[in-house]
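Note that these values count all heavy atoms, side chains included, but never hydrogens, waters or copies made by symmetry.
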Amino acid sequence: MRVRTMAPAALAATALSVSLLAAAPASAATARHQGGLHLGFIQYDSPGRDSRSNSSLNAEWVNIHNSTRSAIQLKGYKLKDNTGYTYTFGSYNIGAGKTVKVRTGQGTDASGVRYWGQGNYVWNNTDDKARLIKPSGSLQDSCSWTRSDDGTKNCH
């Protein structure tokens, strides 16, 4: 009798273990993406008409977020698109829990904002992929979009 009584409990425990294991990869992938240094919100299609004015170029941007409890030195990190446009960070500390916005056009770098200095749009409006590359050359994070994203993408 004890074996029969234990069998349903063992089956229930096994089913629970399997369902937890099946859920683990999805939550682990989310945790990896949410944690550490990662791409945040992207405005890949500047609002209004694409006039190539500096204000229109600067309305195209990528946020990089540091969700750690420590500052991270970004010197040597790269931000790349599918066609090879590359922005390389100079010396810049992004504080714990802080975000830095990389704008496509020209401007004066300040705390929380960097300027790529481009005279052309970087991010393709129909589909593209932003990549954050470590100084070692390995991929830190990436985020892609399609036309259906309406000019913005939340990569969190």
Next item on the list: Tell me, with the steps shown, if Ser53 and Ser55 meet side chain to side chain donor-acceptor pair (under 3.5 Å).
Entry: CA-CA 5 Å; Ser53 69; Ser55 62; 3.2 Å; yes
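- Not one N or O on the side chain of Trp116 forms a donor-acceptor pair closer than 3.5 Å with the backbone of Val122.
- Remark: Thr152 engages no residue in a side-chain hydrogen bond (donor to acceptor under 3.5 Å, both in side chains) (not counting sequence neighbours).
- Counting only distance, with no hydrogens or angles, the side chain of Asn125 and the backbone of Arg147 share no donor-acceptor pair below 3.5 Å.
- Here the side chains of Ile42 and Asp149 are not in contact, with every heavy-atom distance at 4.5 Å or above.
- Under a 3.5 Å cut-off, the side chain of Ser148 and the backbone N or O of Thr146 do not form any donor-acceptor pair.
- Atom CG of Asp127 sits about 11.5 Å away from atom NZ of Lys129, to the nearest 0.5 Å.
- Without hydrogens or angle criteria, Asn124 side chain to Asp128 main chain gives no donor-acceptor distance under 3.5 Å.
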Next item on the list: Let me see the working for Leu37 and Leu74 under side-chain contact (heavy atoms from CB on, under 4.5 Å), right down to the final yes or no.
Entry: CA-CA 10 Å; Leu37 187 65; Leu74 294 182; 3.5 Å; yes
Please set out all donor-acceptor pairs under 3.5 angstrom arising from side-chain atoms of residues 92-101, sequence neighbours excluded.
from, atom 1, to, atom 2, distance (Å)
Tyr92, OH, Gly112, N, 2.9
Asn93, OD1, Gln73, NE2, 3.4
Thr99, OG1, His65, ND1, 2.7

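- A donor-acceptor contact shorter than 3.5 Å links the side chain of Ser67 to the backbone of Gly36.
- For Phe89, the ring pair (Phe, Tyr, Trp, His ring centres under 6.0 Å) partners are Tyr87, not counting sequence neighbours.
- To the nearest 0.5 Å, atoms CD1 (Ile64) and SG (Cys155) are separated by 10.5 Å.
- Using modelled atom types, one side-chain atom of Asn58 and one backbone atom of Gly105 make a donor-acceptor pair closer than 3.5 Å.
- Summarising the geometry, atom CG belonging to Asp81 is positioned 13.0 Å from atom OG belonging to Ser144; distances are rounded to the nearest 0.5 Å.
- Partners of Tyr121 according to the side-chain hydrogen bond (donor to acceptor under 3.5 Å, both in side chains) rule, which considers only residues two or more places apart in sequence or in another chain, are Ser56.
- Remark: Phe41 pairs with Trp61 by the ring pair (Phe, Tyr, Trp, His ring centres under 6.0 Å) rule, at least two apart or across chains.
- Between His38 and His156, the closest side-chain pair of non-hydrogen atoms falls below 4.5 Å.
- At a cut-off of 3.5 Å, with distance as the only test, no side-chain donor of Ser46 or Glu60 sits close to an acceptor on the other residue.
- Considering NZ of Lys153 and CG of Leu39, their distance stands at 11.5 Å, rounded to 0.5 Å.
- Between the side chain of Tyr77 and the backbone N or O of Pro135 there is no donor-acceptor pair closer than 3.5 Å.
- A donor atom on one side chain and an acceptor atom on the other are not found under 3.5 Å apart for Lys75 and Ser91.
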Check: Would Lys78 and Thr88 count as a side chain to side chain donor-acceptor pair (under 3.5 Å) if you check the C-alpha gap in whole Å, the side-chain angles of each, and the deciding distance to 0.1 Å?
Finding: CA-CA 4 Å; Lys78 296 178 187 308; Thr88 304; 3.2 Å; yes
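- Looking at Leu139 and Ile133, their side chains come closer than 4.5 Å, going by heavy atoms from C-beta outward.
- Pairs passing the side chain to side chain donor-acceptor pair (under 3.5 Å) check and including a residue from residues 105-115, sequence neighbours excluded, do not occur.
- Residues Tyr85 and Lys80 are not in side-chain contact: their nearest non-hydrogen atoms beyond the backbone lie 4.5 Å or more apart.
- Follow the hydrophobic side-chain contacts under 4.5 Å out from Val102 and you never reach Leu57; the two are in separate clusters.
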